[in-house]
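Scroll down for the structure; my scribbles are underneath it.
Since the structure is predicted, the reported quantities are computational estimates derived from the model, not experimental observations. This chain uses plain numbering: 1 for the first residue, then up along the sequence.
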Amino acid sequence: MPLQSPWPVFSSQTYPQIRSHTALWLSRLRGEPPRLASLLGLPVPFPEAAAHVKAQLHELILGAIEALQTQSALPADLALPGFVIERTRSREHGDFACNAAMLLAKPARAKPRELAEKLVAALPANDLLAKVEIAGPGFINFFLAADANQSQVRRILEQGAGYGRNALGAGRTVGVEFVSANPTGPLHVGHGRNAALGDCVARLLEASGWNVKREFYYNDAGVQIANLAVSTQARARGLAPGDTGWPEDGYRGDYIADVAKAYLAGSSVTVEGHTVTGAKDAENLDAIRAFAVASLRHEQNLDLQAFGVGFDVYFLESSLYTDRKVEETVRELVAHGHTYEEGGALWLKTTDFGDDKDRVMRKSDGTYTYFVPDVAYHLSKWQRGYGKAITVLGSDHHGSLARVKAGLQALDAGIPKGYPDYLLYQMVTVMRGGEEVKISKRAGSYVTLRDLIDEVGRDATRYFLISRKGDSQLVFDIDLARSQTNDNPVYYIQYAHARVCSVLRQAGEKGFTLDQDNGLKQLARLDNEHEQVLLTELSRYPEVVEAAAANLEPHLLAVWLRELANAFHTYYNSHQFLVEDKDLRDARLALVVATRQVLRNGLDLLGLGAPESM
């Protein structure tokens with residue numbers, strides 16, 4: 001058998017391809033998008049990270065700008081503006097519109113419309129566009145070629161579960177801290193929204209190339225833990241809420257009685273590898289505290305496991321004190337000259353960093369105010385390599401954010417301004433039968449996350465809790481979440497996936513086998529209105545993932561999935577897939593298989609299942 005060279009054999013026909021790929025790789029080595037191709041007069045090659053249509057259009061505009069700079073039609077030192085490319089509201093104005101010419105006009109000392117004409121003329125050769133028009137004062141409207149969206153079917157089938165993912169994070173580490181509930185009772189529905197938002201943001205960031213660390217910060221020190229201990233002790237002594245001797249601020253839920261009973265029985269609880277056993281002594285408050293905290297941490301972990309949420313790091317607030325991190329942080333703040341003493345208290349000059357007034361760090365009695373351990377904790381995130389940090393918090397914590405950021409800047413530790421990022425969310429109102437549900441027997445005063453999971457299931461609970469932007473009020477309608485109708489969005493989306501699976505089962509029953517290669521060759525047959533709408537929605541998926549991750553807004557994906565499901569259901573109700581025409585059948589089956597893949601990908605990023613039958 002003759003030896004084969006590991007190097008490709010080039011011919012005159014392959015030379016243009018060599019030049020094109022050379023331009024691409026030179027651009028990659030330079031760390032910039034592939035614009036050298038435009039200078040060589042070649043079609044622009046797009047790397048996988050810039051595969052979606054919007055990114056390709058962005059590269060074409062950059063190529064045109066660079067070409068005009070090379071021709072001295074634009075200043076070589078021109079600072080590139082943050083132009084945007086958006087999908088148009090009406091197809092009459094094309095598929096996408098760009099405002100680059102209007103933003104470049106002033107620094108380039110040119111009229112926007114004339115500059116738009118030059119940019120259009122300088123666009124690199126490409127197969128993406130059918131035509132380009134200039135509208136109004138200088139908008140550039142792009143009309144995609146007929147096969148631009150059809151080619152997404154091929155890309156979807158080739159990339160499978162990887163379709164829609166990108167490398168924007170470049171492997172950098174981001175810490176996402178969420179839930180972080182006090183271990184003083186069962187998780188309530190607000191914690192559930194926090195968990196759903198945090199987990200979905202983490203999934204989206206992973207899909208965008210970030211190295212994600214999920215972190216849970218346990219507030220296991222302070223007044224609330226003390227209340228938990230005395231409440232459990234009161235139950236261990238045989239007291240009930242309302243009895244003489246019951247703690248004034250004691251927790252009243254039935255779960256306290258359960259913890260006390262287990263403690264007196266000598267039960268053991270294991271949390272993160274550490275086992276705590278009940279001492280059976282109703283007067284040993286320290287033992288009661290340790291057992292109660294461990295028991296409720298264990299219960300919270302079980303609830304989160306049922307919710308499909310897990311963590312890489314569990315950080316205890318108490319460790320900040322035992323490891324003397326709070327004191328170290330205070331010493332650093334003093335050493336950097338950002339503190340002063342007044343009235344027997346130690347103050348931080350937070351006004352130097354944008355806060356509306358200076359803040360007390362250490363009170364006159366020697367205790368620290370609550371934002372100081374928060375500064376120490378977020379400093380530890382930076383020291384542990386979290387170049388980016390995101391904290392999911394209820395909107396009621398809004399007032400403390402500025403002072404934490406100011407404290408981090410006052411440390412002069414090289415922490416970026418604005419660190420950490422906060423994702424704030426509003427609380428949830430639970431409704432059943434048109435009336436608000438306010439209490440749970442086990443918790444005593446609120447609806448628990450476990451209540452919702454048991455009532456409507458994990459998937460419906462997760463979807464409903466991230467279906468709106470975090471900072472907006474959310475009404476959780478139990479009746480709607482339980483319904484198996486098209487009005488229930490999660491049912492509607494999952495039913496679209498199940499319908500595709502049903503079509504493929506029917507194809508097998510009728511003796512039809514999808515010839516995928518032939519289907520991909522026949523994509524031009526996908527030319528009716530419903531197919532075009534579905535193809536357009538499929539092409540939007542990478543854009544939606546990118547935007548949802550960048551803006552920390554998983555509801556964008558939740559809303560879009562319903563739009564994709566609607567496009568598929570409309571197509572399903574209007575056309576036959578298992579037709580006798582083999583070429584058309586293969587093309588349509590390739591489209592529905594691609595739809596199934598994208599539905600599955602999107603559902604996975606929200607932590608939802610993709611059922612094959614319903």
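Here the closest heavy-atom approach between residue Ala558 and residue Ser467 is recorded as CB-CA, 4.4 Å. For the pair Thr461 and Leu452, the tightest heavy-atom approach, listed with the atom from each and the gap, is OG1-O, 3.5 Å.
A distance-only check finds a donor-acceptor pair linking the side chain of Arg172 to the backbone of Gly169 [under 3.5 Å]. In this structure a side-chain-to-backbone donor-acceptor pair under 3.5 Å is present from Asp581 to Leu584. Of the possible polar contacts, none joining the His497 side chain to the Val598 backbone as a donor-acceptor pair under 3.5 Å is found. Remark: side-chain polar atoms of Arg499 are not paired, donor with acceptor, to backbone N or O of Tyr572 under 3.5 angstrom. The main-chain N or O of Asn528 is found under 3.5 Å from a side-chain atom of Glu531 such that the two form a donor-acceptor pair. In terms of modelled atom types and a separation under 3.5 Å, the side chain of Asn601 and the main chain of Gly160 share a donor-acceptor contact. Judged purely by atom type and a 3.5 angstrom limit, Lys54 uses its side chain to pair as donor or acceptor with the backbone of Ile85. A donor-acceptor pair under 3.5 Å is formed between the side chain of Asn488 and the backbone N or O of Leu480. A donor-acceptor contact shorter than 3.5 Å links the side chain of Thr536 to the backbone of Gln532.
Checked for salt-bridge contact, Arg462 and Asp199 meet the test: a charged N lies under 4.0 Å from a carboxylate O. Ion pairing between a basic and an acidic side chain is recognised when a charged N comes within 4.0 Å of a carboxylate O; Arg165 and Glu206 show no such pairing. Asp95 has a carboxylate O that lies under 4.0 Å from a charged side-chain N of Arg91, or vice versa, which qualifies the two as a salt bridge. Between Arg540 and Glu537 there is a salt bridge, since at least one side-chain N of the basic residue sits less than 4.0 Å from a carboxylate O of the acidic one. For the pair Lys521 and Asp517, the salt-bridge criterion is not met [side-chain N within less than 4.0 Å of a carboxylate O].
Under the 30°/60° scheme for interplanar angles, the aromatic rings of Phe216 and Phe311 are found to stand perpendicular. In this pair, Phe568 and Tyr571 present their aromatic rings perpendicular. The plane angle is above 60°, beyond the 30 to 60° band.
Remark: the Gln152 side chain and the Asn149 side chain contain no N/O donor-acceptor pair separated by less than 3.5 Å. Donor-acceptor pairing under 3.5 Å is lacking for the side chains of Tyr163 and Gln597. There is no side-chain donor-acceptor pair under 3.5 Å between Asn486 and Tyr495. Side-chain contact check for Ser539 and Arg155: no donor-acceptor pair (N or O, by modelled atom type) lies under 3.5 Å.
The number of heavy-atom neighbours closer than 6.0 Å to NZ of Lys111, taken from other residues, nucleotides and ligands shown, is 12 or below. Within a 6.0 Å radius of OH in Tyr386, other residues, nucleotides and ligands contribute more than 12 heavy atoms. For Arg505, the CZ atom is densely surrounded, since the number of other residues' heavy atoms within 6.0 Å is greater than 12.
Here Phe139 and His93 keep their ring centres 6.0 angstrom or further from each other.
A cation-pi geometry, defined here as NZ or CZ lying under 6.0 Å from the six-membered ring centre and within 45° of its normal, holds between Arg585 and Phe512. In this structure, Arg214 forms no cation-pi arrangement with Phe178, as its terminal cationic atom is not both closer than 6.0 Å to the ring centre and no more than 45° off the ring axis.
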(request) Could you please spell out the steps behind the ring-ring contact (aromatic ring centres under 6.0 Å, His included) verdict for Tyr541 and His52? (result) CA-CA 9 Å; Tyr541 177 64; His52 65 76; over 10 Å; no
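From Asn194, atom CG reaches atom CG of Leu424 across 10.5 Å, with rounding to the nearest 0.5 Å.
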